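I have placed the structure first, in the form of structure tokens, so that the comments after it can refer back to it.
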Protein chains: 2
Amino acid sequence: MFFLKDLPSRTTLEAYRERFTAMDVDKVDEALHMLRKASLLMRELEEYFASRGLSQLRYLILVVLDREFERDGLLASEVAERLDVSRPVMTRTLQALVEEGLLTLQTHDQDLRAKQVRLTRKGRAKLHQALPGYYRLIHDFMDRDTK
Amino acid sequence: MFFLKDLPSRTTLEAYRERFTAMDVDKVDEALHMLRKASLLMRELEEYFASRGLSQLRYLILVVLDREFERDGLLASEVAERLDVSRPVMTRTLQALVEEGLLTLQTHDQDLRAKQVRLTRKGRAKLHQALPGYYRLIHDFMDRDTK
DNA sequence: ATTAAATGATTACCATGATAACTATATTCA
DNA sequence: TGAATATAGTTATCATGGTAATCATTTAAT
């Protein structure tokens with residue numbers, strides 16, 4: 001997370017450019033604003049998810065599984081790959097979601113190392129309940145911010 | 001962090017809009033791209049800081065203190081306020097930085113509850129060593145990304 | 001002046017991210 | 001075919017974020 005209330009001014013950035021590096025001040029400035037804005041939005045999203053017994057990652061796992069409605073679940077490694085998150089975090093989070101009855105985990109038929117992950121009806125319902133508020137929050141944030 | 005490799009398509013977003021909420025699809029789409037881009041940049045920054053014995057927050061604490069060169073340090077609460085981070089996290093991080101000799105903490109003269117935080121010479125040097133690479137990383141990321 | 005409320009910092013505890021090391025199973029190739 | 005390598009997942013450990021509760025001190029109010 002990146003929470004610097006007063007970002008470095010253009011003047012400060014230009015002084016740095018002079019001193020050591022051939023950076024594009026505009027792009028760096030844009031990046032700093034983006035980091036702060038994204039951090040604020042992420043914080044709001046985490047708060048929203050927490051209020052619904054979810055988290056950013058839990059939510060995204062449900063999304064990824066919900067998308068693949070033609071397939072009978074995904075391998076844990078496929079979920080991890082689509083989300084670009086480390087395996088141990090995936091293991092832990094999937095287990096927590098199973099505890100809560102939102103997913104099932106089952107050893108794969110052919111490959112005994114692998115785990116098949118499936119959404120339960122409860123999991124799908126939980127996701128669909130969270131979606132409207134999720135999009136509303138993002139919409140409101142962007143709306144507020146661009147004013 | 002937000003790491004969904006395939007973001008919801010415009011079509012998907014429009015379907016959601018129809019179904020439950022009067023959202024601006026463009027703005028939501030923009031927000032999702034921003035979240036992902038910021039997450040990737042934050043990950044690179046954390047890696048950079050880790051390689052130098054710092055972290056995003058440790059770095060920002062040094063920046064905030066370095067900025068206030070006219071003042072003889074800041075109160076811990078002032079640092080927390082400028083960075084919008086919770087007090088317990090600030091306490092812990094300041095103590096770690098003191099352990100490493102980058103800061104000093106001293107009980108305030110007038111208010112015995114408060115702590116005065118000051119950059120040491122070593123802390124200032126550490127910050128100035130980290131700055132060029134920090135800006136270069138951001139520059140390169142933005143440059144790469146906009147291609 | 002004394003009590004009540006507010007403030008600064010800390011402690012205890014929990015959630016979520018990472019990496020390194022490990023187990024078990026599959027695959028490759030000599 | 002058997003040994004070496006690769007892959008899927010887990011465990012252990014650590015870093016960094018949060019909230020709630022607590023302690024000490026200061027400020028406000030009666």
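Given the structure is predicted, the values throughout are model-derived calculations rather than measurements. Throughout, protein chains are lettered first and strands after them, A, B, ... in sequence-line order, and every chain is numbered starting at 1.
Distance, A:Glu100 CD to C:dA15 C1': 12 Å, rounded to whole Å. With rounding to whole Å, A:Leu40 atom CG is found 14 Å from D:dG17 atom P. For A:Leu83 and C:dG17, the CG to P distance is 10 Å, given to the nearest whole Å. Distance, A:Arg87 CZ to D:dT7 C1': 8 Å, rounded to whole Å. Distance CE (A:Met42) to C1' (C:dG17): 13 Å, rounded to an integer number of Å. Per the geometry, CE belonging to B:Met1 stands 13 Å off P belonging to D:dT16, to the nearest Å.
Taking side-chain N and O atoms only, A:Thr91 has a distance below 4.0 Å to OP1 or OP2 of D:dT10. In this structure, B:Arg43 reaches the C:dA18 phosphate: one of its side-chain N or O atoms is under 4.0 Å from OP1 or OP2. Here A:Ser86 reaches the OP1 or OP2 of C:dA18: one of its side-chain N or O atoms lies under 4.0 Å away.
Salt bridge absent: A:Glu68 and A:Arg118 never bring a charged side-chain N and a carboxylate O closer than 4.0 Å. Electrostatic pairing of A:Glu81 and B:Lys5 counts as a salt bridge here, judged by a charged N lying under 4.0 Å from a carboxylate O. Between A:Lys122 and A:Glu100 no salt bridge is recorded (no basic side-chain N to carboxylate O distance below 4.0 Å). Salt-bridge formation is not detected for the pair A:Arg82/B:Asp6: no Lys NZ or Arg NE/NH1/NH2 atom is positioned less than 4.0 Å from an Asp or Glu carboxylate oxygen. Comment: A:Arg43 engages B:Asp84 in a salt bridge, judged by a side-chain N to carboxylate O separation of less than 4.0 angstrom. The pair A:Arg17-A:Asp24 fails the salt-bridge criterion, with no side-chain N (NZ, NE, NH1 or NH2) lying under 4.0 Å from an Asp/Glu carboxylate O.
Side-chain atoms of B:Arg92 and base atoms of D:dG17 include a donor and an acceptor less than 3.5 Å apart.
DNA chain C lies under 4.0 Å from at least one heavy atom of each of the following residues of residues 44-77 of chain B: B:Ala76, B:Ser77. Taking a 4.0 Å limit (strictly below) on heavy-atom distances, residues 108-118 of chain A reaches DNA chain C at A:Gln110, A:Asp111, A:Leu112, A:Arg113.
Closest-nucleotide positions on DNA chain D for B:Pro88 and A:Leu94 were compared, and the one nearer the 5' end corresponds to A:Leu94.
In this structure, CZ in B:Arg121 is found 14.0 Å from CG in B:Leu102, a value given to the nearest 0.5 Å.
A donor atom on one side chain and an acceptor atom on the other are not found under 3.5 Å apart for A:Gln129 and A:Arg52.
Residue contacts for B:Gln95: at a heavy-atom cut-off of 4.0 Å it reaches the sugar-phosphate backbone alone, with no base atom in range.
By the ring-ring contact (aromatic ring centres under 6.0 Å, His included) test, A:Tyr48 is found to be paired with no residue, residues two or more places apart in sequence or in another chain being considered.
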